**Student:** 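Dumping the structure here so I can ask a few things about it.
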Amino acid sequence: SKAKLFDEKSDTKTSFKDVAGLEGAKEEVQEIVDFLKNPEKYTSLGGKIPKGALLVGPPGTGKTLLAKAVAGEAKVPFFSLSGSDFVEMFVGVGASRVRDLFKQAKEKSPSIIFIDEIDAIGRARGKNNFSGSNDERENTLNQLLTEMDGFGTNTNVIVLAATNRADVLDKALMRAGRFDRQIFVDLPDVRERKEIFEVHLKPLKKAENLDVDFLAKQTPGFSGADIANVCNEAALIAARKNKKAVNKQDFLDAVDRIVGGLEKKNKIIT
Ligand code: ATP
């Protein structure tokens, strides 16, 4: 029962069309797509292609989705791992996983490496040793820095990392030639929530008069992941009642259920 650490797939299925809202972030990652597709265009004048970018924003806002869409748009393989996989790992394992990951990505370049929850390995060193596994975390972080410094500008592997706490990250990660770009992925506003609803309503059999503007207005503070959840939950609620289509009331019930869940989650945290 080994944890699945990186799944490599040419995730050509995910594209920018799947990512609703996030216009600014999409514009910024479009440049990364272009680096992957036409590296010579950028290096011909002596420029260096960036090695990494940090996607910063609250949970569920589409950071993973955006990283997959970059791979999909550039038609390159997507290698990923999550920082949380490295918590409680035996000595040396974290560093060797990082080494393997970069080795595979380089073999299949051009490619994308995605590191979710990078804060779990990339927290500032030498502070707050709660877990007792700080040494191993530091080894893993050091290996990551070594790998990023080690590959040349013509390797054409771009590392995207996601975090909701850029402030706790070790400054060494943000140095030039590492994650020297930050791309902000915020909670959606009402207009963006409507767009996200439209993406996730597509597969549903919905009542004809369903008002998407109304749904967007009813869901302030919801992330894209919450909205995806609402749509799925509404479909299940309607099905349970043997309905032929999902209507407004099913969505309102789903919103209530998700809000209830969010409140519970927040209670545990505070
Ligand atoms: P975390 O920080 O918790 O890892 P994340 O920012 O990486 O979250 P994702 O895992 O990309 O968020 O989002 C989870 C799911 O929510 C996506 O697979 C998608 O179904 C939906 N979703 C989130 N944001 C968007 C969006 N902007 N457009 C469409 N769907 C979205």
Side-chain angles (χ1 to χ4, degrees), residues 3-7 9 11-30 32-33 52-73 78-87 112-123 159-169 179 182-204 212 215-216 219-236 251 254-255 257-259 261-262 265-266 268-269:
K4 197 181 77 177
L5 276 174
F6 36 98
D7 51 275
K9 15 178 182 140
D11 206 339
T12 42
K13 280 171 304 197
T14 309
S15 74
F16 286 153
K17 271 202 268 44
D18 301 304
V19 187
L22 302 181
E23 294 309 325
K26 275 198 268 187
E27 219 167 272
E28 290 188 61
V29 297
Q30 176 59 55
I32 296 175
V33 172
L54 210 54
L55 304 174
V56 184
T61 46
K63 298 182 289 298
T64 306
L65 189 65
L66 193 61
K68 280 188 178 158
V70 169
E73 294 281 342
F78 179 82
F79 295 86
S80 71
L81 56 78
S82 175
S84 60
D85 295 333
F86 291 97
V87 178
I112 286 278
I113 291 177
F114 176 64
I115 305 174
D116 202 3
E117 300 180 63
I118 192 167
D119 36 298
I121 41 175
R123 252 175 296 123
V159 190
L160 297 175
T163 182
N164 35 44
R165 298 289 314 273
D167 56 310
V168 301
L169 292 180
F179 298 97
Q182 292 197 18
I183 298 170
F184 293 94
V185 178
D186 259 328
L187 284 172
D189 63 18
V190 68
R191 189 185 53 79
E192 294 169 313
R193 291 200 299 277
K194 184 184 178 188
E195 289 176 30
I196 298 171
F197 265 111
E198 272 156 0
V199 167
H200 293 281
L201 285 172
K202 227 170 255 158
L204 305 194
V212 186
L215 296 178
T219 47
F222 278 45
S223 67
D226 296 332
I227 291 171
N229 247 332
V230 165
C231 291
N232 192 59
E233 197 62 45
L236 298 180
F251 281 95
V255 167
R257 194 170 283 182
I258 306 288
V259 169
L262 291 176
K265 238 196 311 189
N266 291 339
I268 291 166
I269 292 165

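Just follow the structure's listing: the first ligand is 1, and inside any ligand the first atom is 1. Note that this is a predicted model, so its numbers are computed, not measured.
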**Student:** State, yes or no, whether a side-chain contact exists between Phe179 and Thr163 at a heavy-atom distance under 4.5 Å.
**Tutor:** no
**Student:** Is the shortest N/O to N/O distance between Thr61 and ligand 1 below 3.5 Å?
**Tutor:** yes
**Student:** Run the numbers for me: atoms of ligand 1, each under 4.0 Å from some heavy atom of Gly60, listed by number.
**Tutor:**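 Taking each heavy atom of Gly60 in turn, ligand 1 has 1 (P), 2 (O), 3 (O), 5 (P), 6 (O), 8 (O), 12 (O), 23 (C), 24 (N) under 4.0 Å.
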**Student:** Closest approach of Gly21 and Lys26, non-hydrogen atoms and distance?
**Tutor:** O-CE, 3.1 Å
**Student:** Hey, looking at atom 20 (O) of ligand 1, which of Lys68, His200, Glu195 has the closest heavy atom?
**Tutor:** His200
**Student:** Identify all side-chain donor-acceptor contacts of residues 184-192 below 3.5 Å with residues at least two apart in sequence or on another chain.
**Tutor:**
unit_1, atom_1, unit_2, atom_2, d
Asp189, OD1, Arg191, N, 3.2
Asp189, OD1, Glu192, N, 2.9
Arg191, NH1, Glu195, OE2, 2.9
Glu192, OE1, Asp189, N, 2.8
Glu192, OE2, Leu22, N, 3.4

**Student:** Going by heavy atoms in the side chains, are Phe222 and Val255 under 4.5 Å from each other?
**Tutor:**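 SC-SC contact between Phe222 and Val255 confirmed.
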**Student:** Kindly identify the option in Pro58, Ala162, Gly57, Gly62 whose heavy atom sits closest to atom 12 (O) of ligand 1.
**Tutor:**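 Closest candidate by heavy-atom distance is Gly62.
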**Student:** When you measure from atom 7 (O) of ligand 1 to every protein heavy atom, which one gives the shortest distance, and what is it?
**Tutor:** Thr64 OG1, 2.6 Å
**Student:** Which atom pair, heavy atoms only, marks the closest approach of Ala254 to Ala234?
**Tutor:**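 Looking at all heavy atoms of both residues, the closest pair is CB-N, 3.6 Å.
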**Student:** Which residue and non-hydrogen atom of the protein lie closest to atom 29 (C) of ligand 1, and at what distance in Å?
**Tutor:** Asp18 O, 3.4 Å
**Student:** When you measure from atom 4 (O) of ligand 1 to every protein heavy atom, which one gives the shortest distance, and what is it?
**Tutor:**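 For atom 4 (O) of ligand 1, the nearest protein heavy atom is Asp116 OD2, 3.4 Å.
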**Student:** Do Phe197 and Thr219 have side-chain heavy atoms sitting under 4.5 Å apart?
**Tutor:** yes
**Student:** Quick check: does Leu65 get an N/O under 3.5 Å from an N/O on ligand 1?
**Tutor:**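 It does: an N or O of Leu65 is found under 3.5 Å from an N or O of ligand 1.
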**Student:** Using a strict cut-off of 4.0 Å, indicate which atoms of ligand 1 neighbour a heavy atom of Gly224.
**Tutor:**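 Here the atoms of ligand 1 in question are 16 (O), 21 (C), 22 (N), 23 (C), 24 (N), 25 (C).
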**Student:** Using a 4.5 Å cut-off on heavy atoms from C-beta on, say whether the side chain of Leu66 contacts that of Lys63.
**Tutor:**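 A side-chain contact is absent here, since even the closest heavy-atom pair is not under 4.5 Å.
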**Student:** Do Leu160 and Ile183 have side chains that get closer than 4.5 Å, going by heavy atoms?
**Tutor:**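 Not touching, per the 4.5 Å side-chain cut-off.
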**Student:** Before signing off on this row, confirm whether Ala20 and ligand 1 have an N or O atom pair separated by under 3.5 Å.
**Tutor:** yes
**Student:** Parallel, tilted or perpendicular: which one describes the rings of Phe114 and Phe78, with boundaries at 30° and 60°?
**Tutor:**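 Parallel.
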**Student:** How far is atom 2 (O) of ligand 1 from the closest protein heavy atom, and which atom is that?
**Tutor:**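 Ranked first by proximity to atom 2 (O) of ligand 1 is Lys63 NZ, 3.0 Å.
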**Student:** Got the closest protein heavy atom to atom 14 (C) of ligand 1, with its distance?
**Tutor:** Ala225 CB, 3.8 Å
**Student:** Which ligand 1 atoms does Leu22 reach within 4.0 Å, using its non-hydrogen atoms?
**Tutor:**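 Reading through ligand 1 atom by atom, the close ones are 27 (N).
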